[in-house]
Amino acid sequence: MKITVFEDYKKMSQAAAKLLYSEIKKKPSALVCIATGSTPTLAYDLLTQKYQKDKTAFNKLRIIKLDEWGGIPSDDPATCETYIQEHIIKPLNISDKRYTSFHSNPKDKEREVKRISNKLAQEGPIDICVLGLGVNGHLGFNEPADWLHANVHIAHLTATTKHHSMAKKAKHTIKYGLTLGLSNIMNAKKIILLVNGKSKEKIVEKLMEGKITAHLPGSMLWIHPDVTLYCDKEAV
Ligand code: GLP
């Protein structure tokens, strides 16, 4: 894991946007997995500024959504869909054909899992996977547990996750999570993990112990050969 600690959130986000942009320039048709949440927002907005100056660099880019809050309509303000449309899909002008996304309220959940698994098998592997770290150590909705799911699945959300800032905005009751699994994430060629803020200090300290455990899903990243961890001073 290549770790860089930045002075503040802005510097961390600038570096993340720069890295993402340079990876997209290297492979314009890259499949990029997008985490949502408060951490990557500025990095995505700065990436949008790069798009404004160099639109052609983004015209083959493919996006896959990492996870989604389940059981609520897709236009609920809490959904990852609402977030990703606002910060990635619309500003980067990503066509439907270049976007793979869970429905937040599928009639048949297992069928939705299968649909995304099949799509990933066709489009994947992921070239660049942008991740955030939950305060409980989760990646996507791979929650701490005795064992983890390898593949796309329906996740049982922990109480901590149900109190996430996105979930608090929900106008409907969130019932479950939909997420890529650990193997889908670990098969990504490159992983960029972003972590900022005081609230992450404890979990970052645990992560830094270097012990790999299903009770801290983020610790699995120690096994991956190409992880860049960018964090700010407050998180360490
Ligand atoms: C959320 C999402 C993750 C996100 C993480 C951290 O629950 N499921 O995809 O990366 O938790 O969120 P934040 O960046 O808001 O701290």
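Owing to the predicted nature of the structure, the values given are computational and were not obtained by experimental measurement. All values below come from the heavy atoms of this structure, side chains included, with hydrogens, waters and symmetry mates left out. Start at 1 and go down the list; that is how both ligands and their atoms are numbered.
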Just jot down the ligand 1 atoms closer than 4.0 angstrom to any heavy atom of [X], in number order.
{"X": "Gly132", "value": "10 (O)"}
{"X": "Leu66", "value": "9 (O)"}
{"X": "Gly37", "value": "14 (O), 15 (O)"}

Run the salt bridge (charged side-chain N to carboxylate O under 4.0 Å, His left out) test on Lys198 and Glu201 for me, step by step, so that the C-alpha distance in whole Å, both residues' side-chain angles and the decisive distance to 0.1 Å come before the verdict. CA-CA 5 Å; Lys198 205 84 197 137; Glu201 198 182 13; 3.2 Å; yes
Would you please name every residue forming a ring-ring contact (aromatic ring centres under 6.0 Å, His included) with Tyr83, sequence neighbours left out? His87
Short N-O contact, Lys2 and Asp226, less than 4.0 angstrom: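 So Lys2 pairs with Asp226 through a salt bridge.
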Does this structure show an ion pair linking Asp232 with Lys10, if we count only N-O contacts that are shorter than 4.0 Å? no
Nearest protein heavy-atom contact for [atom]: which residue, which atom, what distance?
{"atom": "atom 12 (O) of ligand 1", "result": "His164 NE2, 2.9 Å"}
{"atom": "atom 5 (C) of ligand 1", "result": "His138 NE2, 3.5 Å"}
{"atom": "atom 9 (O) of ligand 1", "result": "Asp67 OD2, 2.9 Å"}

If you measure from each non-hydrogen atom of [X] to ligand 1, which part falls under 4.0 Å: side chain, backbone, both or neither?
{"X": "Leu133", "answer": "backbone"}
{"X": "Thr36", "answer": "backbone"}
{"X": "Thr39", "answer": "both"}

Is it true that Ser101 and Glu81 share a donor-acceptor pair across their side chains at a distance under 3.5 Å?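 Per modelled atom types, Glu81 and Ser101 side chains form a pair under 3.5 Å.
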Tyr176-Trp69 aromatic ring centre distance below 6.0 Å: no
Only one of Pro106, Ser104, Ser117 forms a side-chain contact (heavy atoms from CB on, under 4.5 Å) with Glu112, so which one is it?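 Answer to the side-chain contact (heavy atoms from CB on, under 4.5 Å) test with Glu112 among Pro106, Ser104, Ser117: Pro106.
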Would you say Lys200 touches ligand 1, if touching means a heavy atom closer than 4.0 Å? yes
